[in-house]
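Comments concern the structure below.
Below, each value reflects all heavy atoms present in this structure, side chains not excepted, and no hydrogens, waters or symmetry copies.
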Amino acid sequence: MGALRQLYRPSLALCTDLYQLTMAYGYFAAGMAHREVSFHLSFRTNPFGGGYAIACGLGPVIEYLSELRFADADLAYLATLAGGDGKPLFPRPFLEALAAFELSVDVDAIVEGSVVFGHEPLIRVTGPAIECQLLETALLNLVNFPTLVATKAARICQAANGDPVLEFGLRRAQGIDGGLSAARAAYIGGCAATSNVLAGQLFGLPVKGTHAHSWVMMFADEVAAFSAYAEAMPQNCVFLVDTYDTLRGVEHAITVGKTLRTRGFELAGIRLDSGDLAHLATGARALLDAAGFEGTAIVASNDLDEHLVTSLKQQGAPITVWGIGTRLVTAFEQPALDGVYKLSAIRSGDHWRGTVKVSEQTAKVSTPGLLQVRRFEHGGQMVADMIYDLSDAQSSSAATHTIDVHDPTRHWLLPAKGTVTDLLIPIFRGGRPVYEAPPLPEVRAHAAASLATLSPRVKRFANPQIYAVGLEPALAARKLALIDDARGGGPKGAS
């Protein structure tokens, strides 16, 4: 049974905004419910001022779409909603249509864990307008936050430079679901384990944890507290040493660690949760090594993120495990990913008519067409991505350069040699899943492999190099023509 089904009641059909339902009824009333359209889910700006993002959330999306039905209780609730005139907001024929709802859309998506960039379609949904519209809010909800957290985790793991990073953020997460979504995404982004036991149960994640300050405070002194814990769980001893005096706490941990050895167990680690972590870790390491505990890990926590981890590394702090809580699960510094879901094409007879949403802000102008992302790699490294329209395959195959999404005067050259991969793959056809989501360890491994092909210059935290993402030239030209038509009061689409 999937995680969503275990967490929530069977139907999540009403996990949407009311305006999706009012538009759906509008299509129904206008006889447009079955008009074939295409929407794309993307985000506009790489998060955290960085150079990339990690696509996350496809697994829950697949589960949500596979289970999507309007239950009797959903329909009964919708029947109670009233309009401004006091009459039912949704007429009975529409509710009957929802009762018979069965998904029939085609869904294509970029594999979860892939490195992605602003303006690239992560998901393409094609099918009846009423279905595509009803999916908008849920898909954005299931993709935006996990993508943000997976990216944050990848940045923190990059700063840790191979040291294990543990996700410790449930108590500070935005509710139960926020904690679960964050734990799953953090694991995909590279974290080795979580403290969230429910996430461990639902997603099969490794779980880690020992004791808090309250355990120490329950006893007369630290030695008694550590001894009691060692007696209870000798195989799980990472002692929190900063309740009173940190370095004295390390000495007390060593005392108990020696007793543990007489029983055939080892002191796994000590944890630092406050103070000057570089100074205290150095002092702790000296005490541990002098006592013969060279293999005992030093775990650090206390509002850490990629910037603080980088600083501690630069100071030579001998920290070997990083516990990251608040600033990971809340995606500290950026509360939301600017993900959007835009109509990009409408089927007109035997062909598709591209549509564009125009804005005073260049970043908010959408891209028309049935969009795909083509990735170019050379020498084992990602070098450029081209967004192109599937209905114009000939032009995309002949392209030698792309046009920057923000600046039509800037061109990105495409490599003449190397590997070429189209990133969006079939996930659903006719409303039925045709792709089996891989186990999370495989998704996590894919994220690591994808990041390994990205230039260090793009991954740096300060002033990352811009990765070449552009529109195929013919698509860029069509987009400009549609914008000109729209601003001139003409049609919002072109053949």
Side-chain angles (χ1 to χ4, degrees), residues 42-57 110-120 122 143-144 146-167 182 185-192 304-315 319 322 324 327-328 331-334 337-339 373-387 402 404-406 412-415 418-419 421 423 443-470:
S42 62
F43 60 90
R44 292 174 174 135
T45 308
N46 296 327
F48 311 113
Y52 69 91
I54 300 294
C56 193
I110 295 178
V111 172
E112 191 168 26
S114 299
V115 168
V116 291
F117 305 92
H119 295 282
E120 295 184 340
L122 307 187
V143 170
N144 279 343
T147 296
L148 200 62
V149 174
T151 306
K152 188 71 168 177
R155 289 164 61 87
I156 293 169
C157 291
Q158 177 185 332
N161 195 30
D163 294 343
V165 175
L166 311 179
E167 181 273 301
Y187 181 72
I188 289 172
C191 289
L304 299 175
D305 60 11
E306 65 269 42
H307 305 294
L308 288 171
V309 172
T310 297
S311 175
L312 288 164
K313 284 281 189 181
Q314 290 172 344
Q315 295 174 66
I319 296 166
W322 305 85
I324 314 293
R327 297 192 177 209
L328 173 55
F332 189 80
E333 293 178 312
Q334 183 168 334
L337 187 73
D338 55 358
V373 181
R374 181 163 291 170
R375 177 155 294 168
F376 296 80
E377 297 186 13
H378 184 69
Q381 188 169 92
M382 295 164 47
V383 293
D385 286 5
M386 178 179 74
I387 302 170
T402 65
D404 187 272
V405 176
H406 300 289
W412 302 102
L413 290 176
L414 298 173
T419 303
T421 306
L423 298 186
V443 179
R444 183 175 182 268
H446 173 67
S450 189
L451 280 166
T453 65
L454 186 62
S455 168
R457 295 186 294 275
V458 180
K459 291 187 285 190
R460 66 191 179 211
F461 302 146
N463 301 314
Q465 183 182 71
I466 297 173
Y467 179 80
V469 176

Derivation of the side chain to side chain contact (heavy atoms under 4.5 Å, CB included) call for L304 and L312 = CA-CA 10 Å; L304 299 175; L312 288 164; 4.1 Å; yes

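- Across every non-hydrogen atom of L414 and M386, the tightest pair is CD1-SD, 4.0 Å.
- The distance from atom CD of E306 to atom CZ of F332, rounded to the nearest 0.5 Å, is 10.5 Å.
- Judged purely by distance below 3.5 Å, without hydrogens or angles, the side chains of S311 and Q315 pair a donor atom with an acceptor atom.
- Residue pairs satisfying the side-chain hydrogen bond (donor to acceptor under 3.5 Å, both in side chains) criterion with at least one member in residues 42-51, sequence neighbours excluded, are listed as follows: T45-D338.
- Under the rule for a salt bridge (charged side-chain N to carboxylate O under 4.0 Å, His left out), R444 has no partner lying at least two apart in sequence or in another chain.
- Of the possible donor and acceptor atoms, none in the side chain of K313 sits under 3.5 Å from a partner among the backbone N and O of A159.
- Contacts of E333 classified as salt bridge (charged side-chain N to carboxylate O under 4.0 Å, His left out), with partners at least two apart in sequence or in another chain: K152.
- Two residues are said to be in side-chain contact when any heavy atoms from C-beta on lie closer than 4.5 Å; L148 and F48 meet this criterion.
- Taking CZ of F376 as the reference point, atom CE of M382 lies at 12.5 Å (rounded to 0.5 Å).
- Nearest heavy-atom pair across V149 and A182 is CG1-O, 3.6 Å.
- In plain terms, the two heavy atoms of T402 and G470 that are nearest each other are OG1-CA, 3.5 Å.
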Test side chain to side chain contact (heavy atoms under 4.5 Å, CB included) on F117 and V373 and set out the steps.
-> CA-CA 10 Å; F117 305 92; V373 181; over 6 Å; no

For side chain to side chain contact (heavy atoms under 4.5 Å, CB included), just list the numbers for I319 and V309, CA-CA rounded to whole Å, side-chain angles, deciding distance to a tenth of an Å, and then say yes or no.
-> CA-CA 10 Å; I319 296 166; V309 172; over 6 Å; no

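- Nearest heavy atoms, V116 versus A55: CG2-N, 3.8 Å.
- Distance check: Y52 OH to T151 OG1 gives 7.0 Å after rounding to the nearest 0.5 Å.
- Here the side chain of S450 pairs a donor or acceptor atom with the backbone of V115 at under 3.5 angstrom.
- Summarising the geometry of G339 relative to N144, their closest heavy-atom pair is CA-OD1, 3.2 Å, with the distance given to 0.1 Å.
- Atom SG in C56 sits 13.0 Å away from atom CD1 in I110 (nearest 0.5 Å).
- Note: T310 OG1 to R155 CZ = 9.0 Å, rounded to the nearest 0.5 Å.
- For the pair L122 and F43, the minimum side-chain heavy-atom distance is below 4.5 Å.
- Nearest heavy-atom pair across G57 and E112 is N-OE2, 2.6 Å.
- Here CG of D305 is found 7.5 Å from CD1 of I324. Values are rounded to the nearest 0.5 Å.
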If you look only at distance, which donor and acceptor atoms sit under 3.5 Å apart when one is on a side chain in residues 460-467 and the other is two or more places apart or in another chain?
from, atom 1, to, atom 2, distance (Å)
R460, NE, R457, O, 3.4
R460, NE, N463, O, 2.8
R460, NH2, N463, O, 3.0
Y467, OH, A384, N, 2.9
Y467, OH, A384, O, 3.2
Y467, OH, D385, OD1, 2.8

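- Qualifying salt bridge (charged side-chain N to carboxylate O under 4.0 Å, His left out) partners for E167, counting only residues two or more places apart in sequence or in other chains: none.
- Remark: Q334 pairs with no residue by the side-chain hydrogen bond (donor to acceptor under 3.5 Å, both in side chains) rule, at least two apart or across chains.
- For the side chain to side chain contact (heavy atoms under 4.5 Å, CB included) with R375, the lone residue among L423, V469, T453 that qualifies is L423.
- The shortest distance between side-chain heavy atoms of P146 and I188 does not fall below 4.5 Å.
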Take T421 and E377 through the side chain to side chain contact (heavy atoms under 4.5 Å, CB included) test and state the conclusion after the steps.
-> CA-CA 8 Å; T421 306; E377 297 186 13; 5.6 Å; no

